[in-house]
Amino acid sequence: QIQLVESGGDVVQAGGSLRLSCTFSGGTFSYYGLGWFRQAPGKDREFVAAISRGGGDSLYGDSVKGRFTISRDNGRKQAYLQMNSLKPEDTAVYSCAARRTILSVPASRAHDDYTYWGQGTQVTVFP
């Protein structure tokens with residue numbers, strides 16, 4: 001059974017950086033495209049970033065473009081979200097998600113495309 005476990009969430013001051021990790025188990029990691037989504041209290045889930053199974057295609061939400069970077073290490077079965085220049089509005093629970101695709105399929109920003117989800121990790125940014 002596919003499982004995703006996020007880690008790396010913390011409390012950080014505005015302007016700081018964090019790196020989130022998503023550890024995959026229960027299947028062949030390289031068969032799956034990955035995404036990061038976030039949800040703040042009282043707000044809808046928001047797309048953050050996504051990467052294709054081969055790592056050659058990536059997408060970013062407008063609010064994080066230029067500040068966040070998604071990457072993956074197929075050997076370690078992990079995905080990462082490097083977050084720089086953090087702002088208070090980045091405060092949310094961050095979740096990773098996975099979907100099995102063929103190699104040519106690009107990254108997706110649609111949460112309905114993803115089959116498997118982690119429990120999330122809390123990121124809090126104070127002014």
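Basis for what follows: all heavy atoms, side chains included, without hydrogens, waters or symmetry-related copies. Since the model is a prediction, treat every value here as computed from it, not as a measurement.
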Distance (rounded to the nearest 0.5 Å) between [X] [atom1] and [Y] [atom2]:
{"X": "F47", "Y": "R109", "atom1": "CZ", "atom2": "CZ", "value": "5.0 Å"}
{"X": "F68", "Y": "L18", "atom1": "CZ", "atom2": "CG", "value": "9.0 Å"}
{"X": "L4", "Y": "K77", "atom1": "CG", "atom2": "NZ", "value": "11.5 Å"}
{"X": "E46", "Y": "E89", "atom1": "CD", "atom2": "CD", "value": "10.0 Å"}

Are any non-hydrogen side-chain atoms of [X] and [Y] less than 4.5 angstrom apart?
{"X": "S52", "Y": "P106", "answer": "no"}
{"X": "S63", "Y": "R38", "answer": "yes"}
{"X": "K87", "Y": "R67", "answer": "yes"}
{"X": "T115", "Y": "R100", "answer": "no"}
{"X": "T121", "Y": "V93", "answer": "no"}
{"X": "Q78", "Y": "C22", "answer": "no"}
{"X": "M83", "Y": "V123", "answer": "yes"}
{"X": "R53", "Y": "Y31", "answer": "yes"}

Under 4.5 Å between side-chain heavy atoms, counting indirect links through other Ile/Leu/Val/Met/Phe/Trp/Tyr residues: same cluster for [X] and [Y] or not?
{"X": "F24", "Y": "Y114", "result": "no"}
{"X": "V5", "Y": "I51", "result": "no"}
{"X": "I2", "Y": "L34", "result": "yes"}

V125 and its side-chain contact (heavy atoms from CB on, under 4.5 Å) partner, picked from V12, V11, D10: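 When V12, V11, D10 are each tested with V125, the side-chain contact (heavy atoms from CB on, under 4.5 Å) holds only for V12.
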
Residue pair S108 / D113, side-chain donor-acceptor N/O under 3.5 Å: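 There is such a pair (donor and acceptor under 3.5 Å, judged by atom type) between the side chains of S108 and D113.
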
Side-chain donor-acceptor pair present, S30, N74, cut-off under 3.5 Å: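 Judged by distance alone, the side chains do not pair up.
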
Parallel, tilted or perpendicular: ring planes of F37 versus H111, cut at 30 and 60 degrees: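 Because their plane-to-plane angle is over 60°, the rings of F37 and H111 count as perpendicular.
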
Relative to [Y], does [X] satisfy both conditions: NZ or CZ under 6.0 angstrom from the six-membered ring centre, and within 45 degrees of the ring's axis?
{"X": "R45", "Y": "W117", "value": "yes"}
{"X": "R99", "Y": "Y32", "value": "no"}
{"X": "R19", "Y": "Y80", "value": "yes"}

For residues [X] and [Y], report the shortest heavy-atom separation together with the two atoms involved.
{"X": "Y94", "Y": "D90", "answer": "OH-O, 2.6 Å"}
{"X": "A79", "Y": "W36", "answer": "O-CZ2, 4.1 Å"}
{"X": "I70", "Y": "S58", "answer": "CG2-CB, 3.9 Å"}
{"X": "S95", "Y": "G118", "answer": "OG-O, 4.1 Å"}
{"X": "S17", "Y": "S85", "answer": "OG-N, 4.3 Å"}
{"X": "Q39", "Y": "K43", "answer": "NE2-O, 3.0 Å"}

Side-chain donor or acceptor of D73 paired with backbone N/O of G75 under 3.5 Å: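 Between the backbone of G75 and the side chain of D73 there is a qualifying donor-acceptor contact (under 3.5 Å).
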
Backbone of G120 reached by a side-chain donor or acceptor of E6 within 3.5 Å: yes

Atom CD of Q119: over 12 foreign heavy atoms under 6.0 Å: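 No, not enclosed.
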
Ionic contact status for D62 with K65, cut-off 4.0 Å: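 Between D62 and K65 there is a salt bridge, with a charged N closer than 4.0 Å to a carboxylate O.
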
